[in-house]
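Because the structure is a prediction, the values reported are computed rather than measured. Every chain is numbered from 1, with letters handed out A, B, ... down the list of sequences.
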There are 2 protein chains.
Amino acid sequence: MFNEVDKSYPIELVAEFLGINSRTLYYYEKFNLVCPLRRGRKRYYSKEDINWLEYVRELMYEQGMNLRSIIILIKRRDAVILDRCPEDVVLCYKNYLARK
Amino acid sequence: MFNEVDKSYPIELVAEFLGINSRTLYYYEKFNLVCPLRRGRKRYYSKEDINWLEYVRELMYEQGMNLRSIIILIKRRDAVILDRCPEDVVLCYKNYLARK
DNA sequence: TTACAATTTACTTTTAAGTGAAAATTATTT
DNA sequence: AAATAATTTTCACTTAAAAGTAAATTGTAA
């Protein structure tokens, strides 16, 4: 579905892929959990953004962490987050941190 | 109130000091967040236990972390927890980890 | 044997997480 | 330019789960 050639995906597609409401993606953005590229005012999510979001969901629903905790760990550039993270997600995470 | 000479305090006193219900302390214990000394079947909390509990409360109510996240960090012996922790609390935390 | 602490069960409260709908904004088409 | 379409934003609401607690029961030390 998300091949390597295409570099970005609109919010509705991403929401559908993740099985969540697009409003939830706006919600996460408010918390600075993800920061999709903007062309005009439209959002485009990279493949790494999507992997990152999948990882965040895992932290929430498999580990039981709450958003606030995840954000605290992001801000502290914490090893916990990076530890069991797939390589490309780490990459995305680092890009994400670099941007702020 | 909790001077250095006395080494341990019963649950009701601790609850009152922390401004919480004693049931909440049992609740935290269920999550292995604290592990008071048992003499007979009665619980005795050390000064360090109390400091530790205060720190846990700060993480919850000032930082907005949830119990599950705190527990995850404890299990991973995470730097986040220890970072901004007063020295004696770190000590208590390490004793706590040593016990399990 | 009684008084107090621990335990259990099930309940209440609180709040985070998520969402629906309408309004606003920007882009697109004719 | 007006109409239409698409996306974002806002506001208020719902839902679900975590956190906390009450009450009844059990256990046990003194």
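- A side-chain donor-acceptor contact under 3.5 Å links A/N66 to the backbone of B/G64.
- Nearest heavy-atom pair across A/A15 and A/N21 is CB-C, 4.0 Å.
- In terms of the side chain to side chain contact (heavy atoms under 4.5 Å, CB included) criterion, residue partners of A/R38 (sequence neighbours excluded) are, by chain and number, A/E29, A/R41, A/R43.
- Distance CE (A/M65) to C1' (C/dA17): 15 Å, rounded to an integer number of Å.
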Checklist outcome for this item: Heavy-atom contacts, protein to nucleotides 1-12 of chain D, under 4.0 Å, summarised as B (base), S (sugar-phosphate only) or - (none) per nt, yield -----BBBBBB-
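- Phosphate proximity of C/dA16 to B/N66: absent, as no side-chain N or O sits under 4.0 Å from OP1 or OP2.
- At whole-Å resolution of the value, OH in A/Y27 and P in C/dA21 are 20 Å apart.
- If you measure from atom OH of A/Y61 to atom C1' of D/dT15, you get 11 Å, rounded to the nearest angstrom.
- Listed pair A/T24 / C/dT19 meets the phosphate criterion, a side-chain N or O lying under 4.0 Å from OP1 or OP2.
- When rounded to the nearest whole Å, the span between CZ of A/R39 and P of C/dT26 equals 18 Å.
- Between B/Y27 and B/F31, the ring planes are perpendicular. Angles over 60° get that label, and only those under 30° would be called parallel.
- If you measure from atom CD of B/E16 to atom P of C/dA5, you get 13 Å, rounded to the nearest angstrom.
- Between the CZ atom of B/R57 and the P atom of D/dA19 there is a distance of 11 Å, rounded to whole Å.
- Rounded to an integer number of Å, the gap from OH of B/Y44 to P of C/dC4 is 14 Å.
- Listed for the A/W52 side chain is a donor-acceptor partner under 3.5 Å among the backbone atoms of A/L33.
- Contacts of B/R57 classified as side chain to side chain contact (heavy atoms under 4.5 Å, CB included), with partners at least two apart in sequence or in another chain: B/I20, B/T24, B/Y28, B/Y61.
- Within 4.0 Å of B/L67, counting heavy atoms only, lie sugar-phosphate atoms of the nucleic acid but no base atom.
- In this structure, the CG atom of B/N21 is 14 Å from the P atom of C/dT13, given to the nearest Å.
- Side-chain N or O atoms of A/N51 include none that pairs as donor or acceptor with a backbone N or O of A/E48 at under 3.5 Å.
- Backbone-only engagement by A/Y28 is indicated by non-hydrogen atom pairs under 4.0 Å involving sugar-phosphate atoms exclusively.
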